Amino acid sequence: MLQLSLIREQREKVISALKKRRVPNIEETIDQVLALDHDRRRAQQEHDELLAESNRIAREIGELMKSGRKDEAEARRTRTSDLKKRVAALTETLNQTAASLQHLLYQIPNTPHDDVPDGAGPDDNIVVHEHGVIPELSGDAVPHWDLIKQYDIIDFELGVKLTGAGFPVYKGKGAKLQRALVNFFLDKATKKGYAEIQPPILVNEASGYATGQLPDKEGQMYRVDSDNLYLIPTAEVPITNLYRDVILAERDLPIRNAGYTPCFRREAGSWGSHVRGLNRLHQFDKVEIVHITRPEDSYREHEEMVAHAESLLTALELPFRRLLLCGGDMGFNAAKCYDLEVFAAAQKRWLEVSSVSNFETFQANRLKLRYKDEKGKTQLLHTLNGSALALPRIVAALLENNQGPGGIRIPPILVPYTGFDVIEKNG
RNA sequence: GGAGAGAUGCCGGAGCGGUCGAACGGGGCGGUCUCGAAAACCGUUGUCCGAGCAAUCGGACCGAGGGUUCGAAUCCCUCUCUCUCCGCCA
């Protein structure tokens with residue numbers, strides 16, 4: 001949620017920033033916000049004055065009663081009944097105005113940072129750089145969805161039997177590879193100074209609202225109706241919510257947390273022919289990193305986060321590129337976002353494996369995540385998060401890029417984790 | 001699943017319906033003392049909204065939402081959550 005004070009003080013800047021996202025009718029929306037804000041403040045002022053009056057009378061009555069002047073007290077009593085009615089009416093107006101205002105604010109996405117290019121969609125993203133060598137595969141190379149069958153390491157049919165489409169079963173070396181990647185990612189994060197967190201993978205409604213999954217993206221999460229809980233779509237939700245309603249001390253900053261969780265996404269309406277195999281799943285594994293920083297540090301931290309994620313890809317010897325997302329392609333909460341994509345050589349496609357975002361105060365505003373600065377003033381912190389990394393597409397690229405006549409080669413850095421250096425047929 | 005207890009500030013824990021934003025203790029912060037530290041002592045220690053350049057002032061907040069009352073942390077109702085014991089179980 002954008003800060004009202006920002007909209008109030010920098011209307012033009014907010015509008016021009018939001019235009020980079022191609023938000024329709026943004027002037028009207030912003031002016032509606034300002035009008036509601038104005039109405040709310042006026043109502044509040046009047047409301048508070050009436051209450052002050054009524055509090056004063058109540059206090060007087062108390063004193064009169066104490067000193068036994070009952071008739072004078074009675075006289076004042078009648079004066080308050082009219083006040084009460086007016087207060088009740090104003091409270092109603094105030095609540096309604098505040099609710100409409102909040103509703104409207106919830107619908108406005110974050111303002112893109114100055115660096116973010118204007119653009120309508122993926123074609124307007126900027127390739128910041130490419131890294132690594134795209135392997136030349138032999139003519140009989142096949143996409144991962146064929147490899148996993150040939151080597152019998154990931155089984156979609158069994159997943160359908162147990163659960164449904166998009167819930168694969170990892171078997172043998174396939175299962176070990178998952179475990180190895182999770183441990184590798186977590187170890188790398190820990191070495192970098194991240195505190196490891198293992199959070200619940202079910203969260204309550206309050207958590208969903210605080211990080212912005214609710215109310216709008218409700219359809220993307222699996223809900224446990226009987227207990228009114230949600231399966232997390234990413235570890236961002238529980239880890240960031242650790243800091244909901246928290247006022248941190250400046251010496252606690254920056255906070256850097258990393259956590260592994262399975263992630264659950266309904267992906268309603270987002271299936272198509274290009275999302276075969278591991279390219280899109282309902283359940284997948286991911287190591288997520290979360291930073292909480294002072295406003296002045298967040299962009300430096302953002303660069304460090306993306307560099308950390310890139311170092312994982314480099315270590316895994318996967319060719320990748322970094323994209324700076326344009327306004328139209330950025331997530332709702334982000335002020336600036338980098339995507340990392342690996343090249344899956346058999347599909348001959350770039351696959352997104354990480355998305356590293358700076359939310360500035362947008363998320364902290366809903367979370368009520370603040371700190372006391374050196375002047376003792378309480379102010380909102382910046383939150384950032386990123387994948388480091390999401391497993392399925394990493395696995396897809398590893399399988400496709402490393403396939404050869406002798407089987408699928410495991411990158412050396414992973415061998416201590418897997419315990420094997422090649423995936424062969426029948427074993 | 002059964003039975004009971006409770007929800008108050010950073011924590012523990014009081015709180016006759018009328019200076020209660022809230023006693024007391026602990027913690028934190030600042031200070032005195034000390035070469036330094038501990039101890040002791042003194043002081044200080046909430047959030048949000050609104051008005052104001054500011055000092056400051058007004059309002060709200062004692063799980064949430066309603067109600068009674070001139071006045072509610074205190075009385076009534078509803079909801080939510082937590083804890084304890086028993087049962088079941090990794």
Side-chain angles (χ1 to χ4, degrees), chain A residues 1-9 33-106 198 200-210 214-215 223-230 238 241-253 255 262 361 364-381:
Chain A
M1 184 168 58
L2 284 177
Q3 291 180 82
L4 251 180
S5 53
L6 185 80
I7 300 177
R8 215 184 282 152
E9 289 155 23
V33 165
L34 290 171
L36 281 168
D37 175 50
H38 177 261
D39 292 349
R40 199 203 99 251
R41 285 191 288 166
R42 219 181 35 196
Q44 165 129 25
Q45 224 172 314
E46 206 179 327
H47 173 261
D48 286 357
E49 276 162 22
L50 290 180
L51 271 181
E53 169 78 0
S54 128
N55 285 345
R56 211 197 74 238
I57 294 173
R59 241 173 278 136
E60 282 174 10
I61 291 174
E63 276 161 36
L64 290 169
M65 297 290 267
K66 260 189 208 159
S67 56
R69 289 183 282 175
K70 285 213 171 142
D71 41 337
E72 283 181 59
E74 278 308 319
R76 278 170 171 76
R77 210 173 271 192
T78 56
R79 276 175 57 197
T80 56
S81 69
D82 173 54
L83 271 180
K84 260 183 83 170
K85 274 183 213 149
R86 290 168 63 196
V87 168
L90 270 170
T91 306
E92 183 66 17
T93 314
L94 190 56
N95 289 345
Q96 274 177 15
T97 314
S100 323
L101 180 57
Q102 193 185 48
H103 178 73
L104 201 56
L105 278 175
Y106 272 174
Q198 194 175 104
I201 59 177
L202 286 153
V203 294
N204 58 28
E205 244 180 342
S207 296
Y209 274 99
L214 297 175
R223 188 171 71 224
V224 182
D225 276 320
S226 53
D227 297 286
N228 201 25
L229 296 171
Y230 295 83
N241 267 283
L242 294 172
Y243 305 95
R244 164 156 49 94
D245 285 317
V246 166
I247 300 179
L248 292 164
E250 192 162 5
R251 63 172 175 275
D252 298 330
L253 300 167
I255 282 176
T361 61
N365 197 21
R366 271 216 214 179
L367 282 166
K368 297 195 179 70
L369 167 55
R370 292 156 295 176
Y371 82 115
K372 281 200 194 298
D373 65 19
E374 69 279 0
K375 287 177 195 152
K377 205 181 136 206
T378 305
Q379 59 170 308
L380 291 171
L381 285 160

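The chains referred to below are lettered A, B, ... by the order of the sequence lines, with proteins before strands, and numbering in each begins at 1. Keep in mind the model is a prediction, meaning the values are calculated, not measured.
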J.: Taking the side chain of A:Ala58 as its heavy atoms from C-beta onward, which of B:C70, B:U47, B:G59 lies nearest to it?
T.: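 So the side chain of A:Ala58 is nearest to B:C70.
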
J.: Does B:C10 have a Watson-Crick or wobble partner in any strand here, with both distances under 3.5 angstrom, and which is it?
T.: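 Partner of B:C10: B:G26.
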
J.: What distance, rounded to whole Å, do you find between the two P atoms, one in B:G28 and one in B:C83?
T.: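 To the nearest whole Å, 27 Å.
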
J.: Do A:Gln379 and A:Asp373 have a side chain donor and acceptor closer than 3.5 Å?
T.: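 Side-chain D/A pair, A:Gln379 to A:Asp373: present.
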
J.: Report the base-pairing partner of B:G50 (Watson-Crick or G-U wobble, both distances below 3.5 angstrom), or none.
T.: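 For B:G50, the partner nucleotide comes out as B:C57, under the 3.5 Å rule.
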
J.: Are more than 12 heavy atoms, taken from residues, nucleotides or ligands other than A:Gln198, located less than 6.0 Å from that residue's CD atom?
T.: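 12 or below, so no.
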
J.: Would you mind telling me which of B:G58, B:U69, B:A60 lies closest to the side-chain atoms of A:Gln44?
T.: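 The nucleotide sitting nearest to the side chain is B:G58.
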
J.: Check the phosphate of B:U19 against A:Arg59, side-chain N and O only, distance under 4.0 Å to OP1 or OP2. Yes or no?
T.: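 So the side chain of A:Arg59 is outside the cut-off, no N or O lying under 4.0 Å from OP1 or OP2 of B:U19.
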
J.: Flag the pair A:Glu60 and A:Arg56 as a salt bridge only when some basic side-chain nitrogen lies within less than 4.0 angstrom of an acidic carboxylate oxygen.
T.: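 Salt bridge between A:Glu60 and A:Arg56, a charged N being under 4.0 Å from a carboxylate O: yes.
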
J.: Is the closest side-chain heavy-atom distance between A:Leu4 and A:Val33 below 4.5 Å?
T.: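 A side-chain contact under 4.5 Å exists here.
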
J.: Just do the side-chain hydrogen bond (donor to acceptor under 3.5 Å, both in side chains) check on A:Glu49 and A:Gln45 with the steps written out, would you?
T.: CA-CA 6 Å; A:Glu49 276 162 22; A:Gln45 224 172 314; 4.5 Å; no

J.: B:C48 C1' sits how many Å from A:Leu369 CG, rounded?
T.: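 The answer, rounded to whole Å, is 16 Å.
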
J.: Any idea which of B:G71, B:A51, B:G58 is nearest the A:Arg41 side chain?
T.: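 Of the options given, the side chain of A:Arg41 lies nearest B:A51.
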
J.: Identify which nucleotide among B:G59, B:C70, B:G50 has an atom closest to any side-chain atom of A:Met65, counting heavy atoms from C-beta outward.
T.: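 It is B:C70.
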
J.: Whether A:Arg366 engages the ring of A:Tyr106 as a cation-pi pair (distance to the six-membered ring centre under 6.0 angstrom, angle to the ring normal within 45°) should be assessed.
T.: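 The answer is yes, since A:Arg366 meets both limits relative to A:Tyr106.
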
J.: For A:Asn55 and B:G50, give me the distance from atom CG to atom P, rounded to whole Å.
T.: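 From A:Asn55 CG to B:G50 P: 19 Å.
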
J.: The side chain of A:Gln45 is closest to which nucleotide in this list: B:U47, B:A60, B:A51?
T.: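 Comparing B:U47, B:A60, B:A51 against the side chain of A:Gln45, the answer is B:A51.
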
J.: Let me know the distance between OH of A:Tyr371 and C1' of B:C10, rounded to the nearest Å.
T.: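 The distance from OH of A:Tyr371 to C1' of B:C10 comes to 20 Å, rounded to the nearest Å.
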
J.: Taking the same atom, P, in B:G4 and in B:U74, what whole-Å distance lies between them?
T.: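 That atom pair is separated by 24 Å.
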
J.: Suppose you measure atom P in B:G43 against the same atom in B:C24; what distance do you get, rounded to whole Å?
T.: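 Straight-line distance between the two P atoms is 11 Å.
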
J.: Can you tell me which nucleotide in B:U69, B:G18, B:G58 comes closest to the side chain of A:Asp48?
T.: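 From the listed options, B:G58 comes nearest.
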
J.: Counting only Watson-Crick pairs (N1-N3 plus N6-O4 or O6-N4) and G-U wobbles (N1-O2, O6-N3), all under 3.5 Å, who is the partner of B:A39?
T.: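 Base-paired to nothing in any strand shown.
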
J.: Round to the nearest Å and state the distance from A:Glu92 atom CD to B:G66 atom C1'.
T.: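 The answer, rounded to whole Å, is 13 Å.
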
J.: Picking from B:G59, B:U47, B:C70, which would you name as closest to the side chain of A:Arg77?
T.: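 Given the options B:G59, B:U47, B:C70, the side chain of A:Arg77 is closest to B:C70.
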
J.: Should B:G17 form a Watson-Crick or G-U wobble pair with both distances under 3.5 Å, which nucleotide is its partner?
T.: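 Looking at the geometry, B:G17 pairs with no nucleotide.
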
J.: With rounding to whole Å, what would you report as the distance between B:U45 and B:C10 at their P atoms?
T.: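 Comparing P positions in B:U45 and B:C10 gives a spacing of 14 Å.
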
J.: As a test of reading the structure: which of B:G46, B:A60, B:C49 is closest to the side chain of A:Lys372, going by heavy atoms?
T.: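 Of all the options, the side chain of A:Lys372 is nearest to B:G46.
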
J.: For B:U34, give the paired nucleotide (Watson-Crick: N1-N3 plus N6-O4 or O6-N4; G-U: N1-O2 and O6-N3; both under 3.5 Å), or none.
T.: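 Because no pair has both required distances under 3.5 Å, B:U34 counts as unpaired.
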
J.: Suppose you measure atom P in B:G46 against the same atom in B:G9; what distance do you get, rounded to whole Å?
T.: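 Their P atoms lie roughly 14 Å apart.
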
J.: Is the phosphate of B:U47 approached by A:Thr378 (side-chain N or O, under 4.0 Å from OP1 or OP2)?
T.: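 It does, given that an N or O in the side chain of A:Thr378 lies less than 4.0 Å from OP1 or OP2 of B:U47.
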
J.: Using the C1' atom in both, what is the distance from B:A22 to B:G36, to the nearest Å?
T.: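 Rounded to whole Å, the distance is 40 Å.
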
J.: Contact class for A:Leu83 (heavy atom, under 4.0 Å): base, sugar-phosphate, or nothing?
T.: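 Contact class for A:Leu83: none.
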
J.: Return the nucleotide paired to B:A72: Watson-Crick means purine N1 to pyrimidine N3 with N6-O4 or O6-N4, wobble means G-U with N1-O2 and O6-N3, both under 3.5 Å.
T.: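 Its partner: none found.
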
J.: Between B:U47, B:G18, B:G58, which nucleotide has the shortest distance from any of its atoms to the side chain of A:Ile61?
T.: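 Among the listed nucleotides, the one closest to the side chain of A:Ile61 is B:G18.
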
J.: Grab the NZ-P distance between A:Lys368 and B:U47 for me, whole Å please.
T.: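 A:Lys368 atom NZ is separated from B:U47 atom P by 14 Å.
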
J.: Do the charged groups of A:Arg40 and A:Asp37 touch, with an N to O distance under 4.0 Å?
T.: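 Looking at A:Arg40 and A:Asp37, the cut-off is met.
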
J.: Whole Å only: how far is the CG atom of A:Leu51 from the P atom of B:C57?
T.: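 So the two atoms are 19 Å apart, to the nearest Å.
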
J.: How far does the C1' atom of B:A23 sit from the matching atom of B:C33, given to the nearest Å?
T.: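 Approximately 30 Å lies between the C1' atom of B:A23 and that of B:C33.
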
J.: Looking across every strand, which nucleic acid part, if any, lies under 4.0 Å from A:Arg370 by heavy atom: base, sugar-phosphate, or nothing?
T.: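 Sugar-phosphate, backbone atoms only, no base.
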
